[in-house]
Asks: 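Take this structure first; my questions come after.
Because the structure is predicted, anything quoted here is derived from the model rather than measured. Note that these values count all heavy atoms, side chains included, but never hydrogens, waters or copies made by symmetry. Throughout, a chain's letter reflects where its sequence line sits, starting with A, and its residues are numbered from 1.
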Amino acid sequence: MKPSIPKGTRDFSPTEVAKRTYIFNTIRATFEAFGFQPIETPSFENSSTLMGKYGEEGDRLIFKILNSGDYLKKVDATLLENKESNKVTSEISEKALRYDLTVPFARYVVQHQNEITFPFKRYQIQPVWRADRPQKGRFREFYQCDADVVGSTSLLQEVDFVQLYDAVFSKLGLEGTTIKINNRKILSGIAEVIGVKDKLIDFTVALDKLDKIGKEGVVTEMLSKGITEDAIDKVSPLFDVEGSNADKLAALANMLKDSEEGTNGVDELRFVCDTIANLGLQTATLEVDVTLARGLNYYTGAIFEVAAPKKVKMGSIGGGGRYDDLTGIFGLKDVSGIGISFGLDRIYLVLEELGLFEAVELPTPKVLFLNFDSANDIEKLKAVKALRENNIKSEIYPDLAMSNNQQKKQWKYANNRGVQYVISKIDNDCKFLLKDMTNGEQNSCTLTELINTVQ
RNA sequence: GUGAUUGUAGCUCAGCUGGUUAGAGCGCCGGAUUGUGGUUCCGGAGGUCGCCGGUUCGAAACCGGUCUUUCACCCCA
């Protein structure tokens with residue numbers, strides 16, 4: 001049988017793991033610098049926790065886990081007979097792989113509310129799974145790195161998260177990212193003003209595609225969703241909103257002056273933009289983007305999305321927003337949350353494409369003892385033990401060389417693994433023949449000298 | 001879910017309009033070198049040409065199906 005792995009999954013080899021670890025560590029350190037603490041939740045949840053939280057499309061993309069045992073036995077025969085997949089699914093599967101980290105977190109908060117001190121700041125770095133069709137930068141198993149705060153409605157949180165994005169991407173050397181920001185209340189206000197409040201989702205989804213399918217494409221899509229030409233005329237100024245964040249906000253304020261909700265949204269956005277403008281960002285740009293709609297139906301206030309530098313063709317490398325009532329679904333009312341997510345796998349692809357992994361080193365042994373004869377074996381083992389106790393990565397080539405070629409193979413092994421120091425021989429008076437592979441210099445030394453040299 | 005695309009040695013790929021025993025480079029193993037590498041030379045092993053079926057005297061090549069790869073749409077990190 002030919003070995004293979006499922007569609008949309010990947011193996012990670014040592015160099016890839018080293019690079020991924022570097023990103024993880026950078027994100028983790030920044031999360032902690034901002035005061036977040038880690039939690040972890042199970043890979044799979046009860047289906048009822050996840051289903052219905054991500055919209056119809058989301059439900060389709062959730063990996064369901066088949067019940068154990070004779071799972072068909074209890075299913076209603078007529079459902080099976082009529083091949084009603086959706087209804088049968090809920091009877092034969094009661095667990096599902098997590099689809100993101102936000103909903104499991106909301107569940108966690110409600111379940112552990114008595115142990116939590118609010119505002120609660122948590123971060124979480126774990127894989128998620130989506131039964132999507134893979135393509136560039138899209139996998140069926142990938143990591144999200146989330147930071148969320150629940151229990152505070154302060155807009156300072158929004159400001160904090162913009163800075164957090166900027167801090168992480170700056171540390172990674174990824175310059176020129178764009179943090180797009182919008183506010184759900186603005187979208188809602190626009191829909192209200194033009195009289196399509198009942199079609200908010202269709203409206204925002206269509207608007208979101210402006211930079212992709214253009215003005216005409218958006219109009220066509222809106223018409224097909226039953227939004228009237230009259231209404232579209234009223235929003236058409238949106239299609240051409242240009243200029244600085246302040247200009248855009250002024251234009252929006254004018255358009256939304258009759259909508260209380262819309263005006264609130266503009267005010268919130270203005271506060272965040274002004275504060276960030278005062279604080280300054282290192283490498284990122286904060287950009288008001290009215291067309292940013294990000295599907296997730298639970299966002300109620302700010303919406304974030306991070307775009308990679310323009311020269312890289314890649315979907316968003318981060319996203320997030322404020323949700324006022326996510327925990328409400330699980331029975332805890334009036335707890336506002338806000339959070340952001342980093343898409344590790346896409347960030348990896350972007351850094352790779354831009355050649356920003358130079359500094360990442362593979363954990364490779366520093367000292368290798370060749371195995372050319374079995375004399376003084378115990379001295380060899382003692383030396384390795386001493387080196388390791390001094391935190392020097394060391395190892396002995398396991399197999400004894402029986403021929404010239406096999407010796408050659410050991411030297412080659414040292415090269416291929418990038419070992420810097422090689423010991424080829426130990427004298428009877430415990431002198432080590434030490435060779436520095438970077439310059440070819442070779443000399444004899446005692447164990448103490450050896451440790452000092454390679455340290 | 002929709003539309004394209006890919007599939008030949010461990011890896012990267014050749015293989016002209018269907019015609020004998022399917023090739024190269026790298027890697028691997030062995031040797032030249034009584035034994036110090038990364039840049040020598042020689043030899044060797046290794047392939048049901050994704051799978052199933054069809055067309056043909058003859059298929060890696062043409063046709064159909066299926067799986068797989070990659071890309072776009074939908075949606076999303």
Asks: Can you tell me how far C1' in B/rC57 sits from the matching atom in B/rA45, rounded to whole Å?
Replies: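 One C1' to the other, the span is 36 Å.
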
Asks: Once you apply a heavy-atom cut-off of 4.0 Å, does A/Phe139 come out as touching a base, just sugar-phosphate, or nothing?
Replies: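 Answer is base: heavy atoms of A/Phe139 come under 4.0 Å of a base.
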
Asks: Is it the case that the side chain of A/Arg388 and the backbone of A/Ser394 share a donor-acceptor pair, with hydrogens and angles ignored and the cut-off at 3.5 Å?
Replies: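 At least one qualifying donor-acceptor pair exists.
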
Asks: Identify which nucleotide among B/rU36, B/rG37, B/rG1 has an atom closest to any side-chain atom of A/Arg133, counting heavy atoms from C-beta outward.
Replies: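 Ranking B/rU36, B/rG37, B/rG1 by closest atom to the A/Arg133 side chain puts B/rG1 first.
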
Asks: Answer yes or no: is there a donor N or O on one side and an acceptor on the other, between the side chain of A/Arg346 and the main chain of A/Gly137, under 3.5 Å?
Replies: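 Flag set: sc A/Arg346 to bb A/Gly137 pair under 3.5 Å.
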
Asks: Indicate, yes or no, whether a donor-acceptor pair under 3.5 Å links the base of B/rU36 to the side chain of A/Gln410.
Replies: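 Result: no qualifying N/O pair found.
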
Asks: Between B/rA4 and B/rC63, how far apart are the P atoms? Round to whole Å, please.
Replies: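 Their P atoms lie roughly 15 Å apart.
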
Asks: According to the ring-ring contact (aromatic ring centres under 6.0 Å, His included) rule, which pairs have a member within residues 340-365 of chain A, sequence neighbours left out?
Replies: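 Found A/Phe31-A/Phe342, A/Tyr165-A/Phe342, A/Phe169-A/Phe342, A/Tyr348-A/Phe357.
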
Asks: When all nucleic acid strands are considered with a 4.0 Å heavy-atom cut-off, which category describes A/Ser341: base, sugar-phosphate, or nothing?
Replies: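 It contacts nothing in the nucleic acid.
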
Asks: One thing to verify: whether A/Arg98 and A/Glu45 come together as a salt bridge, which I'm taking to mean a side-chain N less than 4.0 angstrom from a carboxylate O.
Replies: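 Not counted as a salt bridge, because no side-chain N and carboxylate O are separated by less than 4.0 Å.
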
Asks: If a pair means Watson-Crick or G-U wobble with both distances below 3.5 Å, what does RNA chain B look like in dot-bracket form, with | marking bases paired to a different strand?
Replies: ((((..(..((((.....[...)))).(((((.......))))).....(((((..]....))))))..))))....

Asks: For nucleotides 28-32 of chain B, tabulate all protein N/O to nucleotide N/O atom pairs closer than 3.5 Å, reporting atom names and distance.
Replies:
{"from": "B/rC29", "atom 1": "OP1", "to": "A/Lys409", "atom 2": "NZ", "distance (Å)": "2.8"}
{"from": "B/rG31", "atom 1": "OP2", "to": "A/Asn405", "atom 2": "ND2", "distance (Å)": "3.2"}
{"from": "B/rG31", "atom 1": "N7", "to": "A/Asn405", "atom 2": "ND2", "distance (Å)": "3.2"}

Asks: For the side chain of A/Gln135, counting heavy atoms from C-beta on, which of B/rA72, B/rC75, B/rG37 is nearest?
Replies: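 Nearest nucleotide to the side chain: B/rA72.
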
Asks: Taking only the side-chain heavy atoms of A/Lys136 (C-beta and beyond), determine which of B/rC71, B/rA77, B/rG1 contains the nearest atom.
Replies: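 Of the candidates, B/rC71 comes closest.
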
